[in-house]
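This report concerns only the one structure given below.
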2 protein chains.
Amino acid sequence: MRVIKLAIDAMGGDNAPFSPVKSLELIKDKNFKIFLIGQKSKIEKLLKKNFTFIEIVDCDDFVAMDEKVSSNLLKRNTTMKIAIKFLKEEKVDFSLSAGNTAAFVSIAIAELGMIEGIERPSIGVLFPNILGGFTVFIDAGANVNPKPTHLFQSSILGSIYAESVFNIKNPKVALLNVGEEESKGDELRKQTYKLLKESKLNFIGNIEGHELFSGKADVIITDGFTGNVVLKTSEGITRSFRTILMKELRKNFIGKLGFFLINKNLKNFVRKADYAEYGGGILLGVNGNVIISHGRSSPRAIYNAIKLGEKIVISNLIEKIKEKKWVLQ
Amino acid sequence: MRVIKLAIDAMGGDNAPFSPVKSLELIKDKNFKIFLIGQKSKIEKLLKKNFTFIEIVDCDDFVAMDEKVSSNLLKRNTTMKIAIKFLKEEKVDFSLSAGNTAAFVSIAIAELGMIEGIERPSIGVLFPNILGGFTVFIDAGANVNPKPTHLFQSSILGSIYAESVFNIKNPKVALLNVGEEESKGDELRKQTYKLLKESKLNFIGNIEGHELFSGKADVIITDGFTGNVVLKTSEGITRSFRTILMKELRKNFIGKLGFFLINKNLKNFVRKADYAEYGGGILLGVNGNVIISHGRSSPRAIYNAIKLGEKIVISNLIEKIKEKKWVLQ
C-alpha cells in the first residue's frame, strides 16, 4: 500500500494548534506519514498518544491570521514556508494549512512556481448540492482581478480536477453570471463565455446565483472577488439562519419541544450546509498539491482536508494537468 | 389624509396577473388610488369584489419575463411603459412591476431620466439582519460595469434612502469587499474606498460576505454584478436549506415529530429569510419613484412593495435627494 506523505502547518487557523493536532486522532488508516510543523512543546501537550506516523518539526515562527503579505514575510522561515519547502523537495506528496490564505498562496507561488501554460492560480472549493453530490467552485479568492484567459485556464483545471479526483466524466462547466443569455454580464463574462464556448470543455453556459447548489453544473467558474464574496455570503447565511431559526423556535413551547426533538437533525443539517466541513480548497495551477483549509476549521474539517489531499495525490492530478497541455493552447 | 396614487403593472412577474391583482385584497387602508394596468378581462376574473380605489387600465401588450431589451421593446406601449408614463405625467406617486427587471429599468431611465448629478441607476433592496432590522443593499443588478464614481453616487443615494425612509440617523455605509483593510480588492474597490473615505458619509470601511446579515452596516455598496450574484445566491441557499432541512428531518421518527411541531415556526423562519417578502427594491437615481418587485412575488410580497412605495412617497425621498446635490459634487 502506498504511504501518503504530507506536511501540516500546525500553527495555521483560528483554532491552531488545536484543530490541526486533534485532526490526526481521527486518522485510522496506517498509510500516512505526517510532518507536523509548529511549536513542539504546544503540539506535544495536545497529542495524547505517541503516533508513530507523526513527526513533529519544531518551528517557532508562524504567520498570524491577519498579517499582511510582504516580501519580508515571504523570506521568514515560517511553518507555512517549511510545509511548502517539504513539498518542493518532494519529502511530501501534499501540504496543508488552515492559516492566512493570502500568505499561504503567496508562499506556494514563490516556492513551487506555476504549471506551464497556467498564468495565475485559483482556489477550487467544494459546494454540496441538493442532489447529494458536490460542485467544484472556482475561484474562492486567489485572483481578484482576472483576465478572461485566467478564468478559461481555471475552467480547464477545474474540469480536470472534477474528472480526475471525483470521477465525474466530461464534467459540466458553467460560468457564474447575472443571466442565462450569452450577452449577459460585464466584459469579463462576455469574453470568458466566448473562450469557453469555442473550447473542448463540456461548457453548459451561464449559471445564476440561485443555481449554485442545484447540481446543474459540476464546475462553476467566477473571478476571485465574486467567488470570495459568494463563499463568505454562504457562510454568513448558514450562521444567520441558525441564529434566526433558533430564535424562531424558542418563541413558544411547541417550538421549544420541537427544537429539542430535532436538535440532532439540525446539527447534521448545519454541518452539511457548512462547506468548511468538506476539507476546504485546492490551490489550482501551482506546481504541487497545496490544500487550503478554512480558518475556522474543526479537527474534523482538517481530517477531511487530509482525506481530500490523499485522493488528489492518488489521482495523480498534477501529472494529468501537465498531460493536458494541448488544451491550454 | 393624503391619498397615495400608484400604477401597477398587472402583467409583470412569474405569477401575473394573479399576484399583482390578489395583492390588492390585502389593502385595508382607504388612502390608495390604484391604476391596475393589464388585460381587463383577466383582471376582472380575478378581482372578487368591486374595489372603489382600483381603476383598471386595459392594455394587451406586455413584456415577457425572458424578453431581451431592444429599442423596439422600448417603443411598444406595454403595461410597464404605461405605468412609467403615469408616473412621468404625475398621475401617480409611484409605479411598480414584478416583471422583467432589465426592461422595467430601461423604460424607467428612458422615460423619467436621471436625477441631476447621478450618472447611473442602481437597485436598492432590503436585507433582514440578525439584529431584527434591515440593511439597504445596493446594487442588486442595474449596473454590472460601474465606475468608482457610480458606486460613490449610489452610496449617497442609499444613505439618503436609509435616513429618509427608515429613519436611520447618519446611516453606516460599508463597501462589500474581500477583506477589511483598505488595500483589499480590485481597482474598483480601492478607488471607491478612497472616495467614500474622503466623503461626508458615515463610512465604516469594508465589510465581508459573512457580515452581510450582521447588522453592522445600514447601507452596503457593491457593483451590480456582484450584487445580483449575492442576492440570487442568498435565495438559492434559502431554498436549498429548506430542501436539505426537510430531508434531514424526515429521516427518522423523532425528526418527523419535531418537524410537525415546528412547522409553523419553520414557515415563519423561511419567510423571514426570503428577501422577496420585503417588497423588493427601489430603482435609485431615476427621476421618480419606481419599485421593482421580485419576479417570484406572492400577493403578500407585492402588498409589502406597495406599503414600501407608500413610505417612500410620504418621506419625499426624491426631493431629499435633489436637496442634497452639494454632496454629489
Side-chain angles (χ1 to χ4, degrees), chain A residues 66 68 102 128-130 141 144-145 176-181 183-187 189 208-214 222-226 228-241 243-245 248-249 251-252 254-255 257-266 268-269 272-273, chain B residues 66 68 102 128-130 141 144-145 176-181 183-187 189 208-214 222-226 228-241 243-245 248-249 251-252 254-255 257-266 268-269 272-273:
Chain A
D66 56 356
K68 267 187 139 176
N129 63 47
I130 54 169
V144 296
N145 252 331
L176 185 60
N177 206 334
V178 296
E180 281 184 16
E181 305 85 4
S183 61
K184 289 281 180 177
D186 52 10
E187 270 313 301
R189 273 17 94 157
E208 296 182 70
H210 57 272
E211 295 180 318
L212 280 179
F213 309 95
S214 67
T222 193
D223 63 282
F225 184 87
T226 309
N228 188 276
V229 169
V230 160
L231 208 64
K232 287 181 181 159
T233 300
S234 312
E235 272 184 68
I237 296 179
T238 315
R239 279 185 272 166
S240 305
F241 271 21
T243 312
I244 298 174
L245 182 56
E248 207 55 57
L249 292 177
K251 266 189 184 166
N252 50 41
I254 296 292
L257 178 62
F259 176 69
F260 176 75
L261 292 173
I262 66 159
N263 199 13
K264 203 188 143 195
N265 302 64
L266 193 67
N268 259 339
F269 155 68
K272 268 202 185 165
Chain B
D66 56 356
K68 266 186 142 179
N129 63 47
I130 54 169
V144 297
N145 252 330
L176 185 59
N177 206 333
V178 296
E180 282 185 16
E181 305 85 4
S183 61
K184 289 281 180 175
D186 52 10
E187 270 311 302
R189 272 18 93 157
E208 296 181 70
H210 57 273
E211 294 180 318
L212 281 179
F213 309 94
S214 67
T222 193
D223 63 282
F225 183 87
T226 309
N228 188 275
V229 169
V230 160
L231 208 63
K232 287 180 181 160
T233 301
S234 311
E235 272 184 70
I237 295 178
T238 314
R239 279 185 272 166
S240 306
F241 271 21
T243 312
I244 298 174
L245 182 56
E248 205 56 58
L249 292 177
K251 266 189 182 163
N252 49 41
I254 296 292
L257 177 61
F259 176 68
F260 176 74
L261 292 174
I262 67 159
N263 199 15
K264 203 187 142 195
N265 302 63
L266 192 67
N268 260 338
F269 155 69
K272 268 203 184 163

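In the text below, chain A, chain B and the rest are named by the order of the sequence lines, each starting its count at 1.
In this structure, chain A has a heavy atom under 4.5 Å from the side chain of B:L212, while its backbone stays farther away.
For the set A:G224, A:G185, A:G209, A:G236, the entry with the most heavy-atom pairs within less than 4.5 Å of chain B is A:G209. Chain A forms the most heavy-atom pairs under 4.5 Å with one residue out of B:D66, B:V229, B:V178, and that residue is B:V178.
Among all heavy-atom pairs drawn from A:F213 and B:I237, the shortest one is CE1-CG1, 3.2 Å. Across every non-hydrogen atom of B:L176 and A:F225, the tightest pair is O-CZ, 3.6 Å.
Residues forming a side chain to side chain contact (heavy atoms under 4.5 Å, CB included) with B:E181 (at least two apart in sequence, or on another chain): B:S183, B:K184. With sequence neighbours left out, the side-chain hydrogen bond (donor to acceptor under 3.5 Å, both in side chains) criterion links B:T233 to no other residue.
Here the CG atom belonging to B:D186 is positioned 5.0 Å from the CG atom belonging to A:N145, to the nearest 0.5 angstrom. Annotation: the span from B:L231 atom CG to A:E208 atom CD amounts to 11.5 Å, rounded to 0.5 Å.
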